[in-house]
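Here is the structure we will look at, set down as structure tokens.
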Amino acid sequence: MKKVVLTLVFSLVAVTMFAQSKAAPKLLKYVTQAPDGTVSMTILDDSRDNTMKLESANSFYKYQIIDPKTNQPILTASNSGKACEIAKSKIAAGTYDIRLFTRSFVITSKIKVSAARQLTQAGQEAVAMNE
């Protein structure tokens with residue numbers, strides 16, 4: 001009986017040790033506040049998506065992603081409204097500054113961009129067939 005119990009315990013421990021775990025997706029959220037405490041800008045970066053979502057309390061006409069080492073824009077895009085999506089495939093993973101231009105002011109925040117999700121060739125073909 002002891003051998004059976006020990007064998008079961010050893011089997012459960014072995015299965016538990018070698019079981020594969022899936023890493024949980026990361027959701028990064030950056031919130032920039034105005035001096036009066038209101039939320040001025042929110043950026044959502046989900047590691048499962050190839051885009052980041054940028055939202056603002058105010059309409060903005062342009063945003064720039066700035067390389068902090070050179071202080072030069074690496075991505076500039078125009079916008080109309082209070083929200084947009086930024087394609088992560090246009091940006092290498094890393095830490096950047098982002099500037100949001102409204103009619104009245106410029107909002108600046110530091111963000112960390114996760115890597116864009118890479119699709120395998122088979123996955124790309126399946127996505128193309130479904131579209």
Side-chain angles (χ1 to χ4, degrees):
M1 184 69 170
K2 287 183 181 180
K3 286 185 178 181
V4 173
V5 172
L6 286 174
T7 303
L8 277 172
V9 169
F10 180 71
S11 297
L12 288 173
V13 169
V15 168
T16 304
M17 288 177 56
F18 293 107
Q20 294 181 0
S21 65
K22 292 185 178 182
K26 291 184 179 179
L27 178 63
L28 299 175
K29 182 176 182 179
Y30 301 94
V31 177
T32 303
Q33 294 184 334
D36 64 358
T38 60
V39 174
S40 297
M41 174 174 55
T42 303
I43 300 169
L44 297 171
D45 183 5
D46 188 341
S47 64
R48 297 173 293 185
D49 291 337
N50 287 325
T51 60
M52 295 185 303
K53 292 167 182 52
L54 173 60
E55 299 172 352
S56 175
N58 303 90
S59 293
F60 59 98
Y61 65 89
K62 176 173 80 169
Y63 69 86
Q64 291 181 329
I65 297 183
I66 310 293
D67 183 349
K69 295 175 187 164
T70 63
N71 207 28
Q72 296 297 314
I74 60 166
L75 178 65
T76 300
S78 57
N79 186 64
S80 61
K82 295 182 179 184
C84 70
E85 290 188 349
I86 302 170
K88 291 192 284 187
S89 60
K90 296 180 180 181
I91 313 163
T95 302
Y96 299 95
D97 293 328
I98 185 165
R99 291 185 188 147
L100 196 71
F101 296 84
T102 69
R103 291 185 186 267
S104 306
F105 49 87
V106 177
I107 305 167
T108 303
S109 182
K110 189 168 287 298
I111 61 171
K112 185 172 184 177
V113 177
S114 64
R117 207 178 77 184
Q118 300 295 319
L119 294 176
T120 62
Q121 183 66 29
Q124 289 174 348
E125 291 170 2
V127 169
M129 288 174 54
N130 289 331
E131 292 180 345

Enter the distance from [X]:[atom1] to [Y]:[atom2] here, rounded to the nearest 0.5 Å.
X      : Y      : atom1 : atom2 : value
Ile107 : Thr32  : CD1   : OG1   : 7.5 Å
Glu55  : Ile43  : CD    : CD1   : 10.0 Å
Lys82  : Phe60  : NZ    : CZ    : 11.0 Å
Ile91  : Ile111 : CD1   : CD1   : 6.5 Å
Tyr30  : Thr42  : OH    : OG1   : 13.0 Å
Lys62  : Ser80  : NZ    : OG    : 15.0 Å

Contact summary for [X] and [Y], nearest pair of heavy atoms:
X     : Y      : result
Gly81 : Asn79  : O-ND2, 3.4 Å
Asp97 : Pro68  : OD2-CB, 4.1 Å
Met41 : Thr108 : CE-C, 4.5 Å

Answer yes or no: is there an ion pair linking Lys88 with Asp45, defined by an N-O contact shorter than 4.0 Å? yes

Q | Presence of salt bridge, Asp46 and Arg48, under 4.0 angstrom | A |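 Asp46 and Arg48: salt-bridged.
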
| task | Using modelled atom types only, decide if a donor and an acceptor are shared between the side chain of Ser56 and the backbone of Ser59 within a distance under 3.5 Å. | result | no

**Prompt:** Under the 3.5 angstrom rule, does the side chain of Asp49 hit a backbone N or O of Thr51 as a donor-acceptor pair?
**Reply:**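 Between the backbone of Thr51 and the side chain of Asp49 there is no qualifying donor-acceptor contact (under 3.5 Å).
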
**Message:** Other residues, nucleotides and ligands only: do more than 12 of their heavy atoms fall within 6.0 Å of NZ on Lys90?
**Reply:** no

Using a cut-off of 6.0 Å, state whether more than 12 heavy atoms not belonging to Lys110 lie near its atom NZ.
yes

[X], [Y]: one ILVMFWY side-chain cluster at the under-4.5 Å cut-off?
X     : Y      : result
Ile65 : Val106 : no
Ile74 : Leu100 : yes
Leu27 : Val113 : no
Ile86 : Leu28  : yes
Met52 : Val31  : no

Do Leu75 and Tyr96 touch side chain to side chain, with heavy atoms closer than 4.5 Å? no

Applying salt bridge (charged side-chain N to carboxylate O under 4.0 Å, His left out) to Glu85 and not counting sequence neighbours gives Lys53

